[in-house]
Amino acid sequence: MKSKCCFNLLIVILFFVVSCSENENSSYVSPMGNDNNPGTAKKPLLSLQKALDELPENTSGNFTISLLDGIYSINKPLVVSADKFRNPDFHVIIKAAKGAKAVISGGERISDWKSLANDIWEAKVNSAISPQELFIGDKRCTRARFPNTGFLRVKKVGEDRRTNFFFEKDEFPIPLNNKDVELVLLHDWSVSRIGIMEINLETNQLTAIDTIGTKTLDFFRLDGWEEHPRYFLENDQAFLDAEFEWCFDSESEKILLKLPSGQNPQDMEIFVPLSEGLVLLTGSKERPIKNIVFDGITFKHCVWNIPSQGYCGIQACHFDGRPDKHWNVVSAAIKTEWAENILFDNCIFKNMGGSGLWFSRGSKNCSVKNSVFFDIAGNGIMIGEGQDRKVNGKSWWQETPEDVAIGNSVEDCKVTQCGARFYGAVGIWCGLSAETKIKDNHVYGLPYTGISVGWMWSPVPTPCRENSVDGNHIHDVMNVLSDGGGIYMLGLQPGSKLVNNRIHDVRINAGRAESNGMFLDEGATDVLVANNLIYNIAKSPLRFHRATTNLVKENYLFCSPGNPPIRYNRTKEEDIQKVDNLVLTEGDKGYQQQLDDAIERFADQKNLADATNSQKSSSSEKP
């Protein structure tokens, strides 16, 4: 009897120890949970923010937050600050529980629909939001536009060449509410989205609420590139004539949605973004936030609101910051600032209203791996920052170059359908950053450039150095705009390299300037371009513009008729050292066989790399 009692007491003690251990080292969260629960698997918390707020302070070891199956709806970003990370040995893993599909959504479901004529439905929305995007399931619906596909052409620009233009009579349906209409006008490598002040039907003249295109650069005149630039109009009931189009009327605060005959929106999951961002990981220069892993989580739905004076793009989702002269940027759903050793692994980023993921200033050794970026309004991934931020009245890269984002990486990711609204967006954008590794990614289906590195239009020294773009597969880019390429690079880049990339099907050349496989722009210096395969390019596989000394070595350059392998714009040809490159033009003897052999060779290299990475992954464990 005594031994039996002792045994039972031991069981109770062990249960207590295990329970305490579970509570101390992990917590569970579920959309069906309760924030008054202890956060165990059987009694999970309701909100991820609650789990983050209750992280133990000044401790070491690993702490795991497991997200059970379901959608975690938020109306403001989750905030993780450095206060919880005083011990450098403390690691937090935020992951989808085994077998769970965990979705963090900043969207609001619209469910109270009323049927109107012509298969159009209407729904009242939260008065706090003015929807710019609408999703049915994972499908981005088209905001009602004219024309439904393609573009109109400016007939003639106005006298100031900045604020207005003339159009052909009866060229488009007259909007019912000018106040909500957005003019979308395409420049060579960027786009403006701006409101309309007036449509004059006597003179056939359209006037915007402000300058169309940036005020800070003189060459952003309406006819600065093309005499008759492309444009379309968006968001009015007069344009609502195609299935799955929608618009928002700000006066009635109602969404109008056109569906196929017989379909009922009550049977659909229809969301509009509500939260301005999803996750903010923020530290300080003195105390960076460290050691956080996000594993297997889907992030979707977030808002980035166009400023009241419009979005006038300059390049790569940077835009005119009116009324000041600084360049602002379309922010990202997930952003790190003064962060170290942050990892996103096996995650999905989709249906975003701004950009996707941003390792911003002071981010060090952060990475995203094995993840998918799909259907994003702006840039897919951003690393580093531009040149405008001031410290003590000077540009940060001059005054505090140690602020540079350094040692960050993007590996084995799929990036597609970015720039869904801001066509000048880039799949993977790196500003002034150092030791960045962009490796083995699949980047495709974009309106503008695939990968962009650098942010200085001269060879002046900056912290930008030793960046590597290696082994990426980039294709079907530059589908809307021009003057970019599969890879775009600029500025002084000591120790940087573009190697082992496969780039093809840059077939559309829509604007004045040409598009290329690789475009090394102003100030591009000290770059190694080696062992790249470039083919099916509308213009030259390589282009240098105001570049200086660079090495082009052992590349496979397949050219279309009439286009040289390398175009030199205001660049001394002798400054570009060329060593052992294979150059063939379509129609040359052996062209197709050489191309087929090169494609097979690069595929073998990729398969070998995948096998090696798989072995490394299976033999390693996450922190």
Side-chain angles (χ1 to χ4, degrees), residues 345-346 367-374 380-381 409-418 427-428 437-446 449-451 453 468-479 485-489 497-508 515-519 528-542 552-560 563 565-566 579-619:
D345 194 5
N346 292 303
S367 60
V368 55
K369 299 179 179 180
N370 311 307
S371 296
V372 175
F373 292 78
F374 167 77
I381 304 167
S409 64
V410 182
E411 299 183 62
D412 294 295
C413 292
K414 180 166 74 172
V415 182
T416 185
Q417 294 187 34
C418 302
I428 303 172
K437 180 167 68 172
I438 303 172
K439 183 172 174 59
D440 296 334
N441 302 288
H442 188 188
V443 182
Y444 65 101
L446 303 175
T449 287
I451 297 173
V453 182
S468 172
V469 182
D470 182 356
N472 301 281
H473 184 190
I474 307 165
H475 61 95
D476 293 284
V477 297
M478 305 303 303
N479 290 330
I487 297 174
Y488 175 84
M489 187 175 253
K497 56 185 181 180
L498 311 177
V499 295
N500 309 317
N501 299 286
R502 177 184 172 192
I503 303 173
H504 60 95
D505 289 288
V506 185
R507 304 297 298 167
I508 300 173
S515 302
N516 308 92
M518 291 184 183
F519 177 20
L528 170 64
V529 182
N531 193 42
N532 299 286
L533 169 60
I534 307 177
Y535 61 99
N536 285 356
I537 310 298
K539 296 294 184 178
S540 293
L542 294 179
V552 178
K553 180 181 179 181
E554 298 174 354
N555 296 281
Y556 301 82
L557 307 178
F558 292 85
C559 309
S560 55
N563 290 298
I566 302 176
V579 178
D580 296 334
N581 298 288
L582 173 66
V583 177
L584 286 173
T585 300
E586 190 174 353
D588 288 351
K589 183 178 180 180
Y591 174 92
Q592 192 59 50
Q593 185 61 55
Q594 291 270 30
L595 177 56
D596 292 343
D597 291 346
I599 292 172
E600 184 177 356
R601 186 179 302 112
F602 271 71
D604 290 342
Q605 291 176 1
K606 174 62 176 170
N607 292 335
L608 179 60
D610 288 345
T612 302
N613 291 335
S614 178
Q615 291 175 355
K616 289 180 180 179
S617 177
S618 63
S619 62

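These numbers come from a predicted model, not from an experiment.
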> What residue among Tyr444, Phe373, Phe374 forms side chain to side chain contact (heavy atoms under 4.5 Å, CB included) with Lys414?
Replying inline: Tyr444
>> Is the shortest side-chain heavy-atom distance between Asn531 and Gln605 below 4.5 Å?
In response: yes
Tabulate below the donor-acceptor pairs under 3.5 Å that side-chain atoms of residues 583-592 make, not counting sequence neighbours, or state none.
unit_1: Asp588; atom_1: OD2; unit_2: Thr585; atom_2: N; d: 2.9
unit_1: Gln592; atom_1: NE2; unit_2: Asp596; atom_2: OD1; d: 2.9

>> Could you tell me if the side chain of Met489 sits less than 4.5 Å from the side chain of Val453, heavy atoms only?
In response: yes
> Do the ring planes of Tyr556 and Phe602 sit parallel (below 30°), tilted (30 to 60°) or perpendicular (above 60°)?
Replying inline: perpendicular
>> Checking Asn581 now: which residues fulfil side chain to side chain donor-acceptor pair (under 3.5 Å) with it, not counting sequence neighbours?
In response: Asn555
> Going through the distances and angles, do Asn500 and Asp470 end up as a side chain to side chain donor-acceptor pair (under 3.5 Å)?
Replying inline: CA-CA 6 Å; Asn500 309 317; Asp470 182 356; 2.9 Å; yes
> Considering only heavy atoms from C-beta outward, does the side chain of His442 approach that of His475 to under 4.5 Å?
Replying inline: yes
> Mind checking whether Tyr535 and His504 have parallel, tilted or perpendicular rings, split at 30° and 60°?
Replying inline: parallel
> Would you call Ile487 and Ile503 a side-chain contact if the rule is heavy atoms closer than 4.5 Å?
Replying inline: yes
>> Donor-acceptor check, side chain of Asn472 to backbone of Ile438, threshold 3.5 angstrom: yes or no?
In response: yes
> With side chains defined as the heavy atoms from C-beta onward, is the minimum distance between Leu528 and Val499 less than 4.5 Å?
Replying inline: yes
> Do the side chain of Asn532 and the main chain of Asn501 share a donor and acceptor less than 3.5 angstrom apart?
Replying inline: yes
> Does Gln594 reach the side chain of Leu582, with side-chain heavy atoms less than 4.5 Å apart?
Replying inline: yes
> Taking side chain as C-beta onward, heavy atoms only, is Val529 less than 4.5 Å from Lys553?
Replying inline: no
